[in-house]
Enquirer: 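One structure, as structure tokens, below. Some questions next.
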Amino acid sequence: MADDAPQTPVAPATVPEVVRELTTRFGDVAFTWQPTLGGVPTVWVPASRLKEILRFLKKEVPKPYSMLLDLHGVDERLRVHREGFPKVAGPGTHDFTVFYHLLSIDRDIATHGGGDIRIKIALVGDTPHVPSITGLWPNANWYERETWDMFGIVFDGHPNLRRILLPPTWEGHALRKDYPARATEFDPYQLDALKTDMEQEALRFNPEEWGMKRHSENEDFMFLNLGPNHPSAHGAFRIVLQLDGEEILDCVPDIGYHHRGAEKMGERQSWHTYIPYTDRIDYLGGVMNELPYVMAIEKLAGIQVPDRVKVVRIMMSEFFRITSHLLFYGTYAQDLGMMSPVFYMFTDRQKAYDVIEAVTGFRMHPAWFRIGGLAMDLPKGWEKNVRTFLDWMKPRLREYERAMVNNGIIRARTIDVAKYDSAAAIDWGVTGAGLRATGVNYDLRKARPYSGFEQFEFEVPLAANGDCYDRLTVRAEEIRQSCRIIEQCLNNMPAGPYKADHPLTCPPPKERTLHDIETLITHFLGVSWGPVMPAGETYFAIEATKGLNSYYCTSDGSTMSYRTRIRTPSFPHLQMIPYIIRGQMVPDLIALLASIDFVMADVDR
Amino acid sequence: MSAIAAWFTPEVIAVLIGMVKAVVILLVVIIASAWMIWVERRLLGLWQDRWGPNRVWWLGIGQVVADMVKIFMKEDWIPKFVDKPVFILAPAIAMVMTLLAFAVIPIAPGWRIIDLNVGVLFFLAVLSLSAYAVMLGGWASNSKYALFGGVRAAAQMLSYEVFMGLAMMGVVIQAGSFSFDTIVEAQTGLWYVVPQFLGFILFLLATIAATHRAPFDIPEAEQELTAGFHTEYSGMKFGMFFVAEYISITLMSALVVTLFFGGWHGPLLPPVVWFCLKTGLFMCFFILLRAALARPRYDQFMESGWKVMLPLALLNVLVTGGIVVALAAH
């Protein structure tokens, strides 16, 4: 169990370069360097110097950390293992933490994964205050709102600190440790007519709250609710548009309608039983969602998975990249008024799901990866199914390009529409195809190859213009590259076990359980409680269907996660909408929404 | 008896026959248009690798009847916030105006409701009126999406009507008449699609816009405006807009055939069969367009209407007129 594993977090002998740079520049600041298992250099800084230090990292260091990848909080009040925590000044205790995860794309590409840094600040008291960094990164806005929403941490200087995922009428801060996770711990929920009216009234858009004017000198503006139910909103997503005719002057995306408390659930599901929840984060991503989670936990447990597991994981994940991209491809055409393609692409998805079903037993949400391996081995004859799919898919892709991507109306609707450049994309935290469409060659499968991606030959499709059309062509080509990867998996599938031989593998390998008592006990605990993970912080990021998806899990040495932070790509992508679409027309917004390729579950979690 | 017989002077009999013809033509048009819904769904199914409605009767041909029964049974709900009289009037205008335009279409020799010597102008006038249906429906709904649909419809109408009328003028100049009968007669030897090919293309584009069909379904634009001008409509009022759209497709196909494809002219088969065949072909073409193309943004549509189609239509009128005058001078 925990004490078997060699994972007491130890500071590596070599200090990361960025920590050296920080100490050189801020010699007077008391940094605390926290060792973690995730491979992310983690540095505690005093809240008073936060903005200065972040500005230094964003603007002054060589190969700067220009992207704010993640920002959130942790309620530390019940945390037992506090190794590497700084001493807080004054009489209070260290109650909350806010962390800032920065990414340097240049460093990441140069050192295969050395581009992360996590800055943490320790906070004291029930309603701590933190300086807002919205002036430094525009995408800090929503992250800070969410942190306030979930933890009640106040960000001083935030332009509009209000709830984002939970309704405006909500009471309490849901990710606090004293906030119950189960419905049975509350009074029964009742929605009477009065409450319905009140809730609806609370959702009424009030332009003044967002610093918008209701009219200019000569005309009144129209405020149009696009969503939460709208054919092109791709889920329960609402954007309030400030319109002059059909020109969008400004807009306010409103999210949270799909929020299901996935991160809170992580704190009360065992490490093992949380896997099915991850499937439903990006609900088109299937097993691809499980990958960053199980790999983060494997880092925590110190599990090395066999080669066969790695390759099967890649193969199944790429299948889901194809199905997700095909849905994007079809609905993209649909949103531009082209009726037929979506039917063809659903046929293709059906063929892919046939293979997925034959392998995993499920279609959309297989919950098939396990900590330390897979649920089962590949079935007999899987090669034939995979081969049939590949033979089917490739000619279809050529056809789609001729009929759809090269279509004159599609081009007229998308070229130079909803454009942004690389600098803006990085500033707003855009990852995935949306970033590569601006010409940034950043794909985690190449930049920091995981699960054996370094063994594969494939290209990272790029475009230069950063408009809706480029986001289409990049993803269209990614489908072809995924087919290539799957083909390589098919031709080079290693033999061997589908589960790691490690006590924390879950469910544990059963072969030796009845032969010696140690294995029997381990097996019994692993199956009844679920595995007990060693204390520590772990992190894993992958190139998911929609961009960079990562899990940052904190273990306090128990059967459940102490804090599960899921960084999803769609969240910052939606935040960027007003920046991109101002001055364009309603149909352009529809094209933009189609080209972002988001699902609301991936935004709201 | 003889007193009653005396009532039936030849004039009265002619009127009665005319009325019967009108009723027959209108009924056939409405039924054909309604069945086109089934044809469309089956054809789209064929092109999109799926079945389409295939359960009710033979090949699913009874689907339309089932749908009609359903839509008649549905609650015809009028939202509280609408401008009620106009809201009710709008779908009626849509139906009536498209049907009215059929009055001047010659279906076969002697088979038409009326031969106006200003048939083409009558058609254009009625078509303009039918655009009011969409605008009024959008306006009276008092809802933002419907309003957008109405405004877009008005903008679209302004853009296509001008070059639509001009595109027809080439044919009018060649035939030397505004009467559809004369135009069809004049195509005995050569269909106007050959000498008036540019006019045909322009007119065809305009007809798609006039029917508000994909790719020019800009006032409805499901993905942008949910349902555009008919967002607030339900029950039979929605049904009337819906059927009016299909009648309008039938009308426009009939018109393309009349103006450019020799109307009822054709070898061997009876004229009415030729007319129906050609019209049916164009109706299928409308469906094919819907299956194949994406929707341009409405400013792009307007831009091409004013900057490309209109000059081309003017050029067509100029060249046709010049050639006709030059030939007459010889």
Side-chain angles (χ1 to χ4, degrees), chain A residues 221-227 229-234 240-241 243 245-248 330-348 350-351 396 403-417 468 472 584-594, chain B residues 40-41 43-52 138 142-156 205 208-209 212-228 231 286-304 307-308:
Chain A
F221 300 131
M222 179 193 271
F223 289 92
L224 182 70
N225 263 313
L226 199 112
N229 284 310
H230 186 279
S232 305
H234 292 243
V240 186
L241 307 175
L243 295 171
E246 280 214 32
E247 190 194 334
I248 300 169
T331 52
Y332 184 93
Q334 175 91 349
D335 285 351
L336 295 174
M338 206 178 204
M339 190 189 181
S340 299
V342 75
F343 290 99
Y344 307 137
M345 283 129 191
F346 266 71
T347 309
D348 302 338
Q350 202 62 24
K351 306 252 174 199
R396 301 272 285 193
M404 193 184 134
V405 181
N406 298 335
N407 179 288
I409 299 179
I410 294 274
R411 292 170 67 98
R413 280 292 305 275
T414 55
I415 290 180
D416 285 335
V417 166
C468 288
L472 169 68
Q584 300 191 51
M585 311 224 311
V586 176
D588 296 332
L589 172 69
I590 306 300
L592 170 64
L593 292 182
Chain B
E40 166 157 54
R41 293 176 63 186
L43 277 181
L44 285 179
L46 183 74
W47 288 322
Q48 293 167 352
D49 293 346
R50 57 193 179 86
W51 285 108
N142 215 354
S143 128
K144 290 173 183 172
Y145 284 109
L147 179 65
F148 269 127
V151 170
R152 282 184 178 196
Q156 180 164 333
L205 285 170
I208 302 161
H212 304 139
R213 288 275 303 182
F216 299 144
D217 55 346
I218 293 165
E220 293 173 48
E222 186 193 331
Q223 289 81 11
E224 294 152 27
L225 305 179
T226 64
T231 304
F286 271 90
I287 300 169
L288 179 62
L289 279 184
R290 180 174 175 204
L293 291 180
R295 182 188 314 112
R297 214 168 52 211
Y298 86 93
D299 60 313
Q300 292 169 338
F301 172 80
M302 285 169 67
E303 196 173 297
S304 70
K307 292 190 183 162
V308 182

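Each chain gets a letter, A, B and so on, in the order the sequences are listed, and its residues count up from 1.
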Enquirer: Do B/D299 and B/M302 have side-chain heavy atoms sitting under 4.5 Å apart?
Expert: no
Enquirer: So for B/Q300, is it side chain, backbone, both, or neither that comes closer than 4.5 Å to the heavy atoms of chain A?
Expert: side chain
Enquirer: Checking side chain to side chain donor-acceptor pair (under 3.5 Å) between B/D217 and each of B/H212, B/R152, B/R295, which is the one that passes?
Expert: B/R295
Enquirer: Can B/E40 and B/R213 be counted as an ion pair, charged N to O under 4.0 angstrom?
Expert: yes
Enquirer: Please round to the nearest 0.5 Å and tell me the distance separating atom NE2 of A/H230 and atom CG of B/L225.
Expert: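 One finds 7.0 Å between NE2 of A/H230 and CG of B/L225.
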Enquirer: Tell me, side chain or backbone of A/M585 under 4.5 Å from chain B's heavy atoms, or both, or neither?
Expert: side chain
Enquirer: Report yes if some heavy atom in the side chain of A/T347 is under 4.5 Å from a heavy atom in the side chain of B/R50; otherwise report no.
Expert: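 A/T347 does not reach B/R50 side chain to side chain.
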Enquirer: Between A/L243 and chain B, with a heavy-atom cut-off of 4.5 Å, which part of the residue counts as in contact: side chain, backbone, both or neither?
Expert: side chain
Enquirer: Any heavy-atom pair between the side chains of B/R297 and A/I590 that's under 4.5 Å?
Expert: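 A/I590 does not reach B/R297 side chain to side chain.
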Enquirer: Quick check on A/V417 against chain B: is it the side chain, the backbone, both or neither that has a heavy atom closer than 4.5 Å?
Expert: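 Interface part for A/V417: side chain.
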Enquirer: Check each atom of B/R290 against the heavy atoms of chain A and say whether the ones under 4.5 Å are side chain, backbone, both or neither.
Expert: both
Enquirer: Counting only heavy atoms closer than 4.5 Å, note whether A/N229 contacts chain B via side chain, backbone, both or neither.
Expert: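 No part of A/N229 comes within 4.5 Å of chain B.
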Enquirer: Looking at B/P215 and B/P296, what are the two nearest heavy atoms and their distance?
Expert: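 Heavy atoms of B/P215 and B/P296 come nearest at O-CD, 3.2 Å.
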Enquirer: Looking at A/A233, A/A591, A/P587, which one has more heavy-atom pairs under 4.5 Å with chain B than the rest?
Expert: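 Greatest number of close heavy-atom pairs with chain B: A/P587.
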Enquirer: Sort A/A412 into side chain, backbone, both or neither according to what part of it lies under 4.5 angstrom from a heavy atom of chain B.
Expert: both
Enquirer: Just to verify, which of A/F346, A/F343, A/Y344 counts as forming a side chain to side chain contact (heavy atoms under 4.5 Å, CB included) with B/D49?
Expert: A/Y344
Enquirer: Using a 4.5 Å cut-off on heavy atoms from C-beta on, say whether the side chain of A/L589 contacts that of A/L226.
Expert: yes
Enquirer: Less than 4.5 Å apart, side chain to side chain, heavy atoms only: is that true for B/F301 and B/Q156?
Expert: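 They are in side-chain contact.
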Enquirer: Using a 4.5 Å heavy-atom cutoff, which residues in residues 334-341 of chain A come close to chain B?
Expert: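 Within residues 334-341 of chain A, the residues under 4.5 Å from chain B are A/Q334, A/D335, A/L336, A/G337, A/M338, A/M339, A/S340.
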